[in-house]
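Residue numbers begin at 1 in each chain, while the letters A, B, ... track the order of the sequences.
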Amino acid sequence: MIGLIDCNNFYVSCERVFQPRLEGLPVGVLSNNDGCVIARSNELKSLGVEMGTPAFELKGLLRQGRIRLLSSNYELYGDMSARVQAVLEEFSAGMEPYSIDEMFVRFDGFEHKQLLTHCRELHHKVRRFTGIPVSVGVAPTRTLAKLANRAAKKVPGYRGVCVLSAGGAETAGLLQRTELGDVWGVGRRLVERLALMDIRTAWDLAQADPKAIRRRFSVTLERTALELRGVPCTEMNDADEPRQRIMTSRSFGRLTDNRDEIHEALRQFGQRGAEKLRAQDSLARAVYVFLKTNRHRQDLPQYSPGAVVELARPTDDSREILHAVGQAFAAIYRPHYRFMKAGVMLIDLIDANRQQMSLLESPQSAAERERSEKLMATLDALNQRMGRGTVKLGMPSPSAAWHLRCANRSPRWTTRWRELPTITAPREARSVKGHPRPCD
DNA sequence: TCTGGGGTCCTAGGACCC
DNA sequence: TCTGGGGTCCTAGGACCC
(Lines give C-alpha, C1' and ligand atoms only; values in the text may rest on other atoms or scores of the structure.)
Protein backbone atom coordinates (compact mmCIF):
# COMPACT_ATOMS: atom_id res chain seq x y z
CA MET A 1 0.00 0.00 0.00
CA ILE A 2 1.09 3.56 -0.73
CA GLY A 3 0.53 6.46 1.60
CA LEU A 4 0.53 10.12 0.74
CA ILE A 5 1.28 12.49 3.60
CA ASP A 6 0.32 16.05 2.79
CA CYS A 7 1.10 18.94 5.11
CA ASN A 8 -2.01 21.09 5.55
CA ASN A 9 -1.60 24.68 4.32
CA PHE A 10 2.10 24.02 4.70
CA TYR A 11 3.72 27.46 4.55
CA VAL A 12 1.08 28.96 6.81
CA SER A 13 1.44 26.06 9.23
CA CYS A 14 5.21 26.60 9.38
CA GLU A 15 4.66 30.24 10.30
CA ARG A 16 2.13 29.33 12.95
CA VAL A 17 4.49 26.92 14.68
CA PHE A 18 6.63 29.89 15.68
CA GLN A 19 3.90 32.53 15.81
CA PRO A 20 0.97 30.91 17.58
CA ARG A 21 -0.90 34.21 17.56
CA LEU A 22 -1.58 33.57 13.85
CA GLU A 23 -3.69 30.57 14.82
CA GLY A 24 -7.33 31.05 13.83
CA LEU A 25 -6.62 34.13 11.69
CA PRO A 26 -6.89 34.44 7.89
CA VAL A 27 -3.21 34.20 6.89
CA GLY A 28 -1.59 34.08 3.47
CA VAL A 29 2.00 33.58 2.35
CA LEU A 30 3.21 35.45 -0.74
CA SER A 31 5.46 34.37 -3.61
CA ASN A 32 8.89 35.85 -4.21
CA ASN A 33 8.76 39.62 -4.56
CA ASP A 34 5.54 39.55 -2.54
CA GLY A 35 3.79 39.06 -5.87
CA CYS A 36 0.85 36.77 -5.28
CA VAL A 37 -0.69 34.41 -2.73
CA ILE A 38 0.81 30.91 -2.80
CA ALA A 39 -0.44 29.51 0.51
CA ARG A 40 -3.65 30.18 2.42
CA SER A 41 -4.95 29.26 5.82
CA ASN A 42 -8.46 27.78 5.93
CA GLU A 43 -9.75 31.11 7.24
CA LEU A 44 -8.30 32.93 4.22
CA LYS A 45 -9.82 30.35 1.88
CA SER A 46 -13.23 30.95 3.49
CA LEU A 47 -12.92 34.62 2.63
CA GLY A 48 -12.84 33.54 -1.01
CA VAL A 49 -9.19 34.39 -1.66
CA GLU A 50 -8.01 32.15 -4.50
CA MET A 51 -4.59 30.64 -5.00
CA GLY A 52 -2.44 32.99 -7.09
CA THR A 53 -4.37 36.16 -6.24
CA PRO A 54 -2.05 39.15 -6.80
CA ALA A 55 -1.17 40.81 -3.51
CA PHE A 56 -2.26 44.25 -4.68
CA GLU A 57 -5.85 43.04 -5.02
CA LEU A 58 -5.87 42.31 -1.29
CA LYS A 59 -4.75 45.75 -0.15
CA GLY A 60 -8.21 46.65 1.05
CA LEU A 61 -8.59 43.62 3.30
CA LEU A 62 -5.05 44.09 4.54
CA ARG A 63 -5.62 47.72 5.44
CA GLN A 64 -8.76 46.86 7.34
CA GLY A 65 -6.68 44.42 9.36
CA ARG A 66 -8.91 41.54 8.27
CA ILE A 67 -6.09 39.41 6.89
CA ARG A 68 -2.36 38.86 7.43
CA LEU A 69 0.07 38.46 4.54
CA LEU A 70 3.62 37.20 5.03
CA SER A 71 6.60 37.11 2.67
CA SER A 72 7.83 33.61 1.94
CA ASN A 73 10.60 32.16 4.08
CA TYR A 74 11.84 29.18 2.10
CA GLU A 75 14.69 28.44 4.43
CA LEU A 76 12.22 27.83 7.24
CA TYR A 77 9.87 25.76 5.07
CA GLY A 78 12.70 23.59 3.76
CA ASP A 79 13.89 22.84 7.26
CA MET A 80 10.39 22.07 8.55
CA SER A 81 9.88 19.75 5.59
CA ALA A 82 13.04 17.85 6.54
CA ARG A 83 11.71 17.48 10.08
CA VAL A 84 8.44 16.03 8.87
CA GLN A 85 10.35 13.59 6.67
CA ALA A 86 12.49 12.50 9.58
CA VAL A 87 9.38 11.54 11.55
CA LEU A 88 7.90 9.68 8.58
CA GLU A 89 11.01 7.60 8.19
CA GLU A 90 10.29 6.00 11.52
CA PHE A 91 6.91 4.83 10.29
CA SER A 92 7.78 3.45 6.88
CA ALA A 93 10.30 1.29 5.09
CA GLY A 94 10.41 3.59 2.09
CA MET A 95 9.82 7.31 1.81
CA GLU A 96 9.88 9.47 -1.27
CA PRO A 97 9.51 13.24 -1.01
CA TYR A 98 7.24 14.40 -3.82
CA SER A 99 7.31 18.12 -3.15
CA ILE A 100 8.21 20.35 -0.23
CA ASP A 101 4.91 19.52 1.47
CA GLU A 102 4.03 16.03 0.19
CA MET A 103 5.70 12.69 0.73
CA PHE A 104 4.86 9.23 -0.52
CA VAL A 105 5.55 6.36 1.87
CA ARG A 106 5.28 2.60 1.50
CA PHE A 107 3.41 0.40 3.93
CA ASP A 108 3.95 -3.33 3.47
CA GLY A 109 2.53 -6.27 5.38
CA PHE A 110 -0.28 -4.57 7.30
CA GLU A 111 -3.87 -5.68 7.64
CA HIS A 112 -6.46 -2.99 7.12
CA LYS A 113 -7.22 -2.30 10.78
CA GLN A 114 -3.58 -2.42 11.77
CA LEU A 115 -2.71 0.02 9.03
CA LEU A 116 -5.38 2.45 10.16
CA THR A 117 -3.99 2.39 13.70
CA HIS A 118 -0.46 2.84 12.40
CA CYS A 119 -1.48 5.85 10.31
CA ARG A 120 -3.40 7.42 13.19
CA GLU A 121 -0.26 7.25 15.26
CA LEU A 122 1.81 8.74 12.45
CA HIS A 123 -0.73 11.53 12.05
CA HIS A 124 -0.52 12.30 15.75
CA LYS A 125 3.27 12.13 16.05
CA VAL A 126 4.07 14.38 13.11
CA ARG A 127 1.90 17.06 14.69
CA ARG A 128 3.35 16.43 18.13
CA PHE A 129 7.02 16.42 17.07
CA THR A 130 7.03 19.12 14.38
CA GLY A 131 3.92 21.21 15.01
CA ILE A 132 2.75 20.65 11.44
CA PRO A 133 -0.76 19.25 10.84
CA VAL A 134 -0.90 16.65 8.07
CA SER A 135 -3.46 14.58 6.17
CA VAL A 136 -2.83 10.92 5.45
CA GLY A 137 -4.26 9.05 2.46
CA VAL A 138 -3.47 5.40 1.83
CA ALA A 139 -4.43 3.20 -1.14
CA PRO A 140 -3.02 0.59 -3.51
CA THR A 141 -1.88 3.20 -6.07
CA ARG A 142 -0.56 6.71 -5.95
CA THR A 143 -3.48 8.19 -7.83
CA LEU A 144 -5.91 6.63 -5.35
CA ALA A 145 -3.68 7.68 -2.43
CA LYS A 146 -4.00 11.25 -3.69
CA LEU A 147 -7.75 10.86 -3.72
CA ALA A 148 -7.76 9.30 -0.25
CA ASN A 149 -5.67 12.19 0.98
CA ARG A 150 -8.15 14.70 -0.36
CA ALA A 151 -10.95 12.88 1.40
CA ALA A 152 -8.95 12.75 4.64
CA LYS A 153 -8.62 16.51 4.46
CA LYS A 154 -12.16 17.41 3.38
CA VAL A 155 -14.44 14.85 5.02
CA PRO A 156 -14.58 15.54 8.75
CA GLY A 157 -15.49 11.92 9.54
CA TYR A 158 -12.04 10.73 8.52
CA ARG A 159 -10.30 12.99 11.04
CA GLY A 160 -7.26 13.37 8.80
CA VAL A 161 -6.68 9.72 7.92
CA CYS A 162 -8.27 7.75 5.07
CA VAL A 163 -7.26 4.21 4.10
CA LEU A 164 -8.84 2.87 0.90
CA SER A 165 -8.82 -0.61 -0.58
CA ALA A 166 -9.16 -1.27 -4.31
CA GLY A 167 -12.64 -2.33 -5.37
CA GLY A 168 -14.26 -1.53 -2.03
CA ALA A 169 -17.62 0.19 -1.80
CA GLU A 170 -16.03 3.12 -0.03
CA THR A 171 -13.59 3.61 -2.90
CA ALA A 172 -16.35 3.35 -5.50
CA GLY A 173 -18.45 5.95 -3.68
CA LEU A 174 -15.52 8.32 -3.48
CA LEU A 175 -14.75 7.91 -7.19
CA GLN A 176 -18.38 8.64 -8.07
CA ARG A 177 -18.37 11.84 -6.03
CA THR A 178 -15.05 13.09 -7.41
CA GLU A 179 -15.02 15.45 -10.35
CA LEU A 180 -12.45 14.69 -13.02
CA GLY A 181 -10.56 17.91 -12.50
CA ASP A 182 -9.76 16.81 -8.97
CA VAL A 183 -7.98 13.69 -10.18
CA TRP A 184 -4.19 13.82 -10.11
CA GLY A 185 -2.95 14.16 -13.69
CA VAL A 186 -6.16 15.50 -15.19
CA GLY A 187 -5.95 19.22 -15.87
CA ARG A 188 -8.32 21.74 -17.38
CA ARG A 189 -7.69 20.77 -21.00
CA LEU A 190 -8.31 17.10 -20.44
CA VAL A 191 -11.50 17.83 -18.50
CA GLU A 192 -12.84 19.68 -21.56
CA ARG A 193 -11.91 16.95 -23.99
CA LEU A 194 -13.15 14.12 -21.79
CA ALA A 195 -16.49 15.86 -21.27
CA LEU A 196 -17.11 15.46 -25.01
CA MET A 197 -17.00 11.71 -24.42
CA ASP A 198 -19.34 12.10 -21.46
CA ILE A 199 -16.60 11.23 -19.00
CA ARG A 200 -17.15 13.57 -16.08
CA THR A 201 -16.23 11.86 -12.83
CA ALA A 202 -13.29 9.85 -11.57
CA TRP A 203 -15.60 6.84 -11.69
CA ASP A 204 -16.37 7.41 -15.40
CA LEU A 205 -12.66 7.50 -16.18
CA ALA A 206 -12.01 4.35 -14.17
CA GLN A 207 -14.76 2.54 -16.11
CA ALA A 208 -13.56 3.70 -19.54
CA ASP A 209 -11.64 1.32 -21.80
CA PRO A 210 -7.95 2.01 -21.10
CA LYS A 211 -6.92 1.17 -24.66
CA ALA A 212 -9.41 3.66 -26.06
CA ILE A 213 -8.12 6.28 -23.63
CA ARG A 214 -4.61 5.63 -24.80
CA ARG A 215 -5.57 5.91 -28.45
CA ARG A 216 -7.50 9.15 -28.08
CA PHE A 217 -5.30 10.78 -25.46
CA SER A 218 -1.99 9.43 -24.23
CA VAL A 219 -0.33 6.69 -22.24
CA THR A 220 -0.21 9.08 -19.28
CA LEU A 221 -3.98 9.27 -19.09
CA GLU A 222 -4.29 5.52 -19.64
CA ARG A 223 -2.11 5.02 -16.59
CA THR A 224 -4.21 7.41 -14.56
CA ALA A 225 -7.35 5.48 -15.55
CA LEU A 226 -5.75 2.17 -14.55
CA GLU A 227 -4.50 3.57 -11.28
CA LEU A 228 -8.04 4.68 -10.42
CA ARG A 229 -9.05 1.02 -10.76
CA GLY A 230 -6.29 0.05 -8.35
CA VAL A 231 -3.72 -1.13 -10.90
CA PRO A 232 -0.34 0.42 -10.02
CA CYS A 233 1.39 2.00 -13.02
CA THR A 234 4.03 4.19 -11.40
CA GLU A 235 6.96 2.94 -9.42
CA MET A 236 8.20 4.38 -6.16
CA ASN A 237 11.47 6.16 -6.81
CA ASP A 238 13.63 5.43 -3.81
CA ALA A 239 16.91 6.68 -5.15
CA ASP A 240 16.51 10.40 -5.58
CA GLU A 241 17.28 10.83 -9.22
CA PRO A 242 19.28 13.89 -10.20
CA ARG A 243 17.34 16.65 -11.93
CA GLN A 244 17.46 16.69 -15.71
CA ARG A 245 17.29 20.46 -15.91
CA ILE A 246 18.20 23.13 -13.42
CA MET A 247 16.34 26.39 -13.64
CA THR A 248 17.04 29.58 -11.76
CA SER A 249 14.87 32.56 -12.59
CA ARG A 250 13.27 35.49 -10.88
CA SER A 251 10.94 38.36 -11.54
CA PHE A 252 12.60 41.71 -10.97
CA GLY A 253 11.35 44.06 -8.30
CA ARG A 254 10.67 46.60 -11.06
CA LEU A 255 10.83 46.74 -14.84
CA THR A 256 14.31 47.45 -16.19
CA ASP A 257 16.02 47.97 -19.53
CA ASN A 258 19.45 48.42 -17.98
CA ARG A 259 21.85 46.10 -19.72
CA ASP A 260 24.39 45.84 -16.90
CA GLU A 261 21.75 45.31 -14.29
CA ILE A 262 20.10 42.47 -16.21
CA HIS A 263 23.44 40.92 -17.01
CA GLU A 264 24.39 40.94 -13.35
CA ALA A 265 21.09 39.29 -12.41
CA LEU A 266 21.73 36.58 -14.99
CA ARG A 267 25.24 36.07 -13.64
CA GLN A 268 23.79 35.52 -10.23
CA PHE A 269 21.26 33.02 -11.58
CA GLY A 270 24.06 31.25 -13.42
CA GLN A 271 26.13 30.95 -10.25
CA ARG A 272 23.21 29.68 -8.25
CA GLY A 273 22.45 27.15 -10.98
CA ALA A 274 26.07 25.99 -11.01
CA GLU A 275 25.89 25.45 -7.25
CA LYS A 276 22.78 23.31 -7.63
CA LEU A 277 24.53 21.45 -10.43
CA ARG A 278 27.55 20.63 -8.27
CA ALA A 279 25.32 19.68 -5.35
CA GLN A 280 23.75 16.91 -7.40
CA ASP A 281 27.05 15.89 -8.99
CA SER A 282 26.14 16.66 -12.58
CA LEU A 283 27.75 18.47 -15.48
CA ALA A 284 25.92 20.69 -17.97
CA ARG A 285 26.50 20.58 -21.69
CA ALA A 286 24.51 23.69 -22.53
CA VAL A 287 23.03 26.83 -21.03
CA TYR A 288 19.69 28.41 -21.89
CA VAL A 289 19.09 32.07 -21.07
CA PHE A 290 15.76 33.85 -21.39
CA LEU A 291 14.28 37.30 -20.84
CA LYS A 292 10.66 38.33 -20.52
CA THR A 293 8.89 41.65 -20.73
CA ASN A 294 5.73 42.12 -18.68
CA ARG A 295 2.90 40.55 -20.67
CA HIS A 296 0.36 42.28 -18.44
CA ARG A 297 1.56 45.63 -19.74
CA GLN A 298 -0.03 45.67 -23.19
CA ASP A 299 0.90 49.36 -23.45
CA LEU A 300 4.60 48.44 -23.67
CA PRO A 301 6.37 46.63 -26.52
CA GLN A 302 6.70 42.89 -25.88
CA TYR A 303 9.85 40.85 -26.41
CA SER A 304 10.60 37.54 -24.72
CA PRO A 305 13.63 35.96 -26.33
CA GLY A 306 15.72 32.97 -25.33
CA ALA A 307 18.96 31.42 -26.55
CA VAL A 308 20.95 28.24 -26.02
CA VAL A 309 24.74 28.27 -25.89
CA GLU A 310 26.59 24.97 -25.94
CA LEU A 311 29.56 24.61 -23.62
CA ALA A 312 32.96 23.64 -24.96
CA ARG A 313 32.82 20.57 -22.72
CA PRO A 314 30.49 19.30 -20.04
CA THR A 315 31.24 21.38 -16.96
CA ASP A 316 30.17 22.46 -13.49
CA ASP A 317 32.64 25.34 -13.32
CA SER A 318 30.80 28.58 -12.57
CA ARG A 319 33.25 30.58 -14.65
CA GLU A 320 32.62 28.61 -17.83
CA ILE A 321 28.89 28.69 -17.22
CA LEU A 322 28.94 32.45 -16.67
CA HIS A 323 30.90 32.90 -19.88
CA ALA A 324 28.17 31.08 -21.78
CA VAL A 325 25.50 33.09 -19.97
CA GLY A 326 27.24 36.25 -21.19
CA GLN A 327 27.28 35.03 -24.78
CA ALA A 328 23.63 34.06 -24.74
CA PHE A 329 22.65 37.34 -23.16
CA ALA A 330 24.58 39.37 -25.75
CA ALA A 331 22.77 37.48 -28.50
CA ILE A 332 19.26 38.23 -27.25
CA TYR A 333 19.43 41.57 -25.43
CA ARG A 334 17.83 44.52 -27.22
CA PRO A 335 17.72 48.00 -25.71
CA HIS A 336 14.45 49.91 -25.24
CA TYR A 337 12.54 46.91 -23.97
CA ARG A 338 11.68 46.93 -20.29
CA PHE A 339 12.18 43.46 -18.91
CA MET A 340 10.37 41.98 -15.96
CA LYS A 341 11.90 38.57 -15.57
CA ALA A 342 14.97 36.63 -16.60
CA GLY A 343 16.37 33.20 -16.01
CA VAL A 344 19.10 30.68 -16.66
CA MET A 345 18.46 27.01 -17.32
CA LEU A 346 21.23 24.45 -17.26
CA ILE A 347 20.30 21.71 -19.69
CA ASP A 348 21.59 18.52 -21.22
CA LEU A 349 22.94 17.36 -17.85
CA ILE A 350 25.09 14.29 -17.36
CA ASP A 351 26.47 12.42 -14.38
CA ALA A 352 29.82 13.94 -13.36
CA ASN A 353 31.25 10.53 -12.56
CA ARG A 354 30.37 9.05 -15.89
CA GLN A 355 31.68 11.71 -18.15
CA GLN A 356 32.67 10.63 -21.61
CA MET A 357 34.84 13.00 -23.54
CA SER A 358 33.61 13.49 -27.06
CA LEU A 359 36.02 14.14 -29.89
CA LEU A 360 34.45 17.52 -30.46
CA GLU A 361 35.04 18.81 -26.99
CA SER A 362 38.07 20.88 -26.14
CA PRO A 363 40.33 19.01 -23.76
CA GLN A 364 41.20 20.16 -20.28
CA SER A 365 44.42 19.16 -18.55
CA ALA A 366 44.30 17.20 -15.31
CA ALA A 367 45.92 20.12 -13.50
CA GLU A 368 43.34 22.57 -14.80
CA ARG A 369 40.52 20.28 -13.83
CA GLU A 370 41.88 19.82 -10.33
CA ARG A 371 42.24 23.57 -9.82
CA SER A 372 38.72 24.15 -11.00
CA GLU A 373 37.35 21.50 -8.65
CA LYS A 374 39.20 22.93 -5.67
CA LEU A 375 38.10 26.47 -6.40
CA MET A 376 34.45 25.50 -6.80
CA ALA A 377 34.49 23.33 -3.68
CA THR A 378 35.90 26.23 -1.68
CA LEU A 379 33.28 28.59 -3.09
CA ASP A 380 30.47 26.21 -2.18
CA ALA A 381 31.82 25.53 1.29
CA LEU A 382 32.09 29.23 2.10
CA ASN A 383 28.63 29.99 0.81
CA GLN A 384 27.18 27.12 2.72
CA ARG A 385 28.83 28.06 5.98
CA MET A 386 28.48 31.82 5.81
CA GLY A 387 25.17 32.09 3.97
CA ARG A 388 24.24 32.10 0.31
CA GLY A 389 25.94 34.75 -1.80
CA THR A 390 28.81 35.42 0.63
CA VAL A 391 31.34 34.82 -2.13
CA LYS A 392 30.36 35.75 -5.68
CA LEU A 393 32.14 36.00 -8.98
CA GLY A 394 32.13 39.55 -10.32
CA MET A 395 31.07 42.85 -8.87
CA PRO A 396 28.59 43.48 -6.08
CA SER A 397 25.60 45.62 -7.02
CA PRO A 398 23.65 46.63 -3.95
CA SER A 399 20.78 48.58 -5.48
CA ALA A 400 19.91 46.46 -8.49
CA ALA A 401 16.32 45.94 -9.57
CA TRP A 402 16.52 42.21 -9.08
CA HIS A 403 16.91 42.37 -5.34
CA LEU A 404 13.83 40.73 -3.97
CA ARG A 405 11.06 42.47 -2.22
CA CYS A 406 10.09 40.64 0.92
CA ALA A 407 8.68 43.24 3.23
CA ASN A 408 7.27 40.90 5.79
CA ARG A 409 9.41 37.81 6.15
CA SER A 410 9.52 35.99 9.45
CA PRO A 411 12.89 35.09 11.02
CA ARG A 412 14.57 31.88 9.92
CA TRP A 413 14.00 30.46 13.36
CA THR A 414 15.48 27.03 12.85
CA THR A 415 18.45 27.59 10.55
CA ARG A 416 20.19 30.83 11.63
CA TRP A 417 21.75 31.32 15.02
CA ARG A 418 21.16 35.04 14.91
CA GLU A 419 17.47 34.53 14.29
CA LEU A 420 16.87 31.96 16.97
CA PRO A 421 13.69 32.67 18.90
CA THR A 422 14.11 34.08 22.37
CA ILE A 423 11.48 33.23 24.91
CA THR A 424 10.59 35.44 27.80
CA ALA A 425 8.13 34.38 30.47
CA PRO A 426 6.90 37.28 32.57
CA ARG A 427 4.15 36.50 35.02
CA GLU A 428 1.24 37.79 32.95
CA ALA A 429 2.05 36.33 29.54
CA ARG A 430 4.58 34.51 27.46
CA SER A 431 5.80 35.71 24.10
CA VAL A 432 8.18 34.59 21.41
CA LYS A 433 10.42 37.08 19.64
CA GLY A 434 12.86 36.89 16.80
CA HIS A 435 15.07 39.32 14.98
CA PRO A 436 14.08 39.69 11.35
CA ARG A 437 16.80 40.73 8.95
CA PRO A 438 16.49 42.17 5.47
CA CYS A 439 16.29 39.76 2.57
CA ASP A 440 19.57 38.49 1.25
C1' DT B 1 2.05 51.08 -9.78
C1' DC B 2 1.62 45.94 -8.31
C1' DT B 3 0.55 39.28 -11.33
C1' DG B 4 5.95 32.98 -8.60
C1' DG B 5 9.46 29.64 -9.50
C1' DG B 6 10.36 25.70 -10.22
C1' DG B 7 9.88 20.80 -12.37
C1' DT B 8 8.23 16.24 -15.23
C1' DC B 9 6.67 13.42 -19.12
C1' DC B 10 4.79 12.71 -23.67
C1' DT B 11 3.91 13.47 -28.62
C1' DA B 12 4.37 15.03 -33.25
C1' DG B 13 7.11 15.96 -36.86
C1' DG B 14 11.45 16.79 -39.24
C1' DA B 15 16.14 15.23 -40.37
C1' DC B 16 18.74 11.65 -41.41
C1' DC B 17 20.16 6.81 -42.34
C1' DC B 18 20.16 2.39 -44.88
C1' DT C 1 3.51 6.71 -66.23
C1' DC C 2 5.57 4.63 -62.38
C1' DT C 3 9.54 7.36 -57.56
C1' DG C 4 10.05 2.63 -50.69
C1' DG C 5 9.71 1.78 -46.16
C1' DG C 6 11.34 1.30 -41.72
C1' DG C 7 14.02 2.91 -38.18
C1' DT C 8 16.41 6.35 -34.85
C1' DC C 9 17.40 10.72 -32.94
C1' DC C 10 16.35 15.31 -31.86
C1' DT C 11 13.55 19.34 -30.82
C1' DA C 12 9.63 22.20 -29.84
C1' DG C 13 5.64 22.53 -27.65
C1' DG C 14 1.73 20.91 -24.90
C1' DA C 15 -0.08 19.36 -20.69
C1' DC C 16 0.35 18.55 -16.16
C1' DC C 17 2.15 18.96 -11.19
C1' DC C 18 3.26 21.67 -6.62
Next on the checklist: Filter on side chain to side chain donor-acceptor pair (under 3.5 Å), then keep only pairs touching residues 35-44 of chain A, sequence neighbours left out; what's left?
Outcome noted: A/Asn9-A/Asn42, A/Arg16-A/Glu43, A/Ser41-A/Glu43
Item to check | Sole residue of A/Leu44, A/Leu25, A/Asn408, A/Val12 in side-chain contact (heavy atoms from CB on, under 4.5 Å) with A/Arg68 | outcome: A/Leu25
Checklist entry - Rounding to a whole Å, what distance do you find between A/Leu69:CG and B/dC2:P? => result 18 Å
Checklist entry - Going by number, which of residues 41-59 of chain A have a non-hydrogen atom under 4.0 Å from DNA chain B? => result A/Pro54, A/Phe56, A/Lys59
Next on the checklist: Do A/Ser135 and A/Asn149 pair up side chain to side chain, a donor and an acceptor below 3.5 Å, judged on atom types alone?
Outcome noted: no
Item to check | Partner residues of A/Arg319 under the salt bridge (charged side-chain N to carboxylate O under 4.0 Å, His left out) criterion, sequence neighbours left out | outcome: A/Asp317
Checklist entry - To the nearest Å, how far apart are A/Glu275 CD and B/dG6 P? => result 13 Å
Checklist entry - In whole Å, what is the span from the CG atom of A/Leu62 to the P atom of B/dC2? => result 18 Å
Next on the checklist: Between C/dT3 and B/dC17, how far apart are the two P atoms, rounded to whole Å?
Outcome noted: 24 Å
Checklist entry - Is there a donor-acceptor contact under 3.5 Å linking the side chains of A/Asn73 and A/Ser410? => result yes
Checklist entry - How does each nucleotide of nucleotides 11-18 of chain C score, in 5' to 3' order, for protein heavy atoms under 4.0 Å: base (B), sugar-phosphate only (S), or none (-)? => result ----SSSS
Side-chain donor-acceptor contacts of residues 271-284 of chain A below 3.5 Å, not counting sequence neighbours, with atom names and distances?
residue: A/Gln271; atom: OE1; partner: A/Leu393; partner atom: N; Å: 3.0
residue: A/Gln271; atom: NE2; partner: A/Leu393; partner atom: O; Å: 3.3
residue: A/Arg272; atom: NH1; partner: A/Glu275; partner atom: OE1; Å: 2.7
residue: A/Lys276; atom: NZ; partner: A/Met247; partner atom: O; Å: 3.1
residue: A/Lys276; atom: NZ; partner: A/Thr248; partner atom: OG1; Å: 3.3
residue: A/Arg278; atom: NE; partner: A/Asp380; partner atom: OD2; Å: 2.7
residue: A/Arg278; atom: NH1; partner: A/Asp316; partner atom: O; Å: 2.8
residue: A/Arg278; atom: NH1; partner: A/Ser318; partner atom: OG; Å: 2.9
residue: A/Arg278; atom: NH2; partner: A/Ser318; partner atom: OG; Å: 3.4
residue: A/Arg278; atom: NH2; partner: A/Asp380; partner atom: OD1; Å: 2.8
residue: A/Gln280; atom: OE1; partner: A/Arg243; partner atom: N; Å: 2.8
residue: A/Gln280; atom: NE2; partner: A/Arg243; partner atom: O; Å: 3.1
residue: A/Gln280; atom: NE2; partner: A/Ser282; partner atom: OG; Å: 2.9
residue: A/Asp281; atom: OD2; partner: A/Asn353; partner atom: ND2; Å: 3.2

Item to check | Distance test, side-chain N/O of A/Lys276 to OP1/OP2 of B/dG6, below 4.0 Å | outcome: yes
Checklist entry - Can you list every pair that meets side chain to side chain donor-acceptor pair (under 3.5 Å) and has a residue in residues 323-344 of chain A, with sequence neighbours left out? => result none
Item to check | Within-4.5 Å side-chain heavy-atom neighbours: A/Met80 and A/Gln85 | outcome: no
Checklist entry - Which residue pairs pass the salt bridge (charged side-chain N to carboxylate O under 4.0 Å, His left out) test with at least one member in residues 292-302 of chain A, sequence neighbours excluded? => result A/Arg297-A/Asp299
Checklist entry - Any chance the side chains of A/Ser99 and A/Asp101 put a donor and an acceptor closer than 3.5 Å? => result yes
Next on the checklist: Whole angstroms only, please: what is the CG-C1' distance between A/Asp34 and B/dT3?
Outcome noted: 12 Å
Checklist outcome for this item: Here the distance between atom C1' of B/dG5 and atom CD1 of A/Ile38, to the nearest Å, is 9 Å
Checklist outcome for this item: Under a 4.0 Å heavy-atom cutoff, the residues of residues 195-220 of chain A touching DNA chain B are A/Ser218, A/Val219, A/Thr220
Next on the checklist: Would you call the rings of A/His118 and A/Phe107 parallel, tilted or perpendicular, taking 30° and 60° as the class edges?
Outcome noted: perpendicular
Checklist entry - Can you name the residues that form a salt bridge (charged side-chain N to carboxylate O under 4.0 Å, His left out) with A/Arg150, not counting sequence neighbours? => result A/Asp182
Checklist outcome for this item: What residues 296-304 of chain A contributes to the DNA chain B interface at heavy-atom separation below 4.0 Å is A/His296, A/Arg297
Show every donor-acceptor pair shorter than 3.5 Å between a side-chain atom in residues 192-206 of chain A and any protein atom, with sequence neighbours excluded, or say none if there are none.
residue: A/Arg193; atom: NH2; partner: A/Arg216; partner atom: O; Å: 3.2
residue: A/Asp198; atom: OD1; partner: A/Arg200; partner atom: NE; Å: 3.0
residue: A/Asp198; atom: OD1; partner: A/Arg200; partner atom: NH2; Å: 3.0
residue: A/Arg200; atom: NH2; partner: A/Ala195; partner atom: O; Å: 3.4
residue: A/Thr201; atom: OG1; partner: A/Trp203; partner atom: N; Å: 3.3
residue: A/Thr201; atom: OG1; partner: A/Asp204; partner atom: N; Å: 3.1
residue: A/Thr201; atom: OG1; partner: A/Asp204; partner atom: OD1; Å: 3.4
residue: A/Thr201; atom: OG1; partner: A/Asp204; partner atom: OD2; Å: 3.4
residue: A/Asp204; atom: OD2; partner: A/Arg200; partner atom: N; Å: 2.9
residue: A/Asp204; atom: OD2; partner: A/Thr201; partner atom: N; Å: 3.1

Checklist entry - Got a salt bridge between A/Glu102 and A/Lys146, using NZ or NE/NH1/NH2 to carboxylate O under 4.0 Å? => result yes
Next on the checklist: For a stem of at least 3 consecutive Watson-Crick or G-U pairs with distances under 3.5 Å, i pairing with j, i+1 with j-1 and so on, which stems involve DNA chain B?
Outcome noted: B:5-18 with C:5-18
Next on the checklist: Please verify the inter-ring angle class for A/Tyr11 with A/Tyr74; under 30° counts as parallel, over 60° as perpendicular, anything in between as tilted.
Outcome noted: perpendicular
Checklist entry - Can you tell me how far P of B/dG4 sits from CG of A/Leu30, to the nearest Å? => result 11 Å
Next on the checklist: In this structure, how many angstroms lie between the P atom of B/dC2 and the CZ atom of A/Arg63, rounded?
Outcome noted: 17 Å
Checklist entry - In terms of side-chain geometry, is the basic nitrogen of A/Glu222 or A/Lys211 positioned less than 4.0 Å from the acidic oxygen of its partner? => result yes
Item to check | Separation of B/dC2 P from A/Asn294 CG (nearest whole Å) | outcome: 7 Å
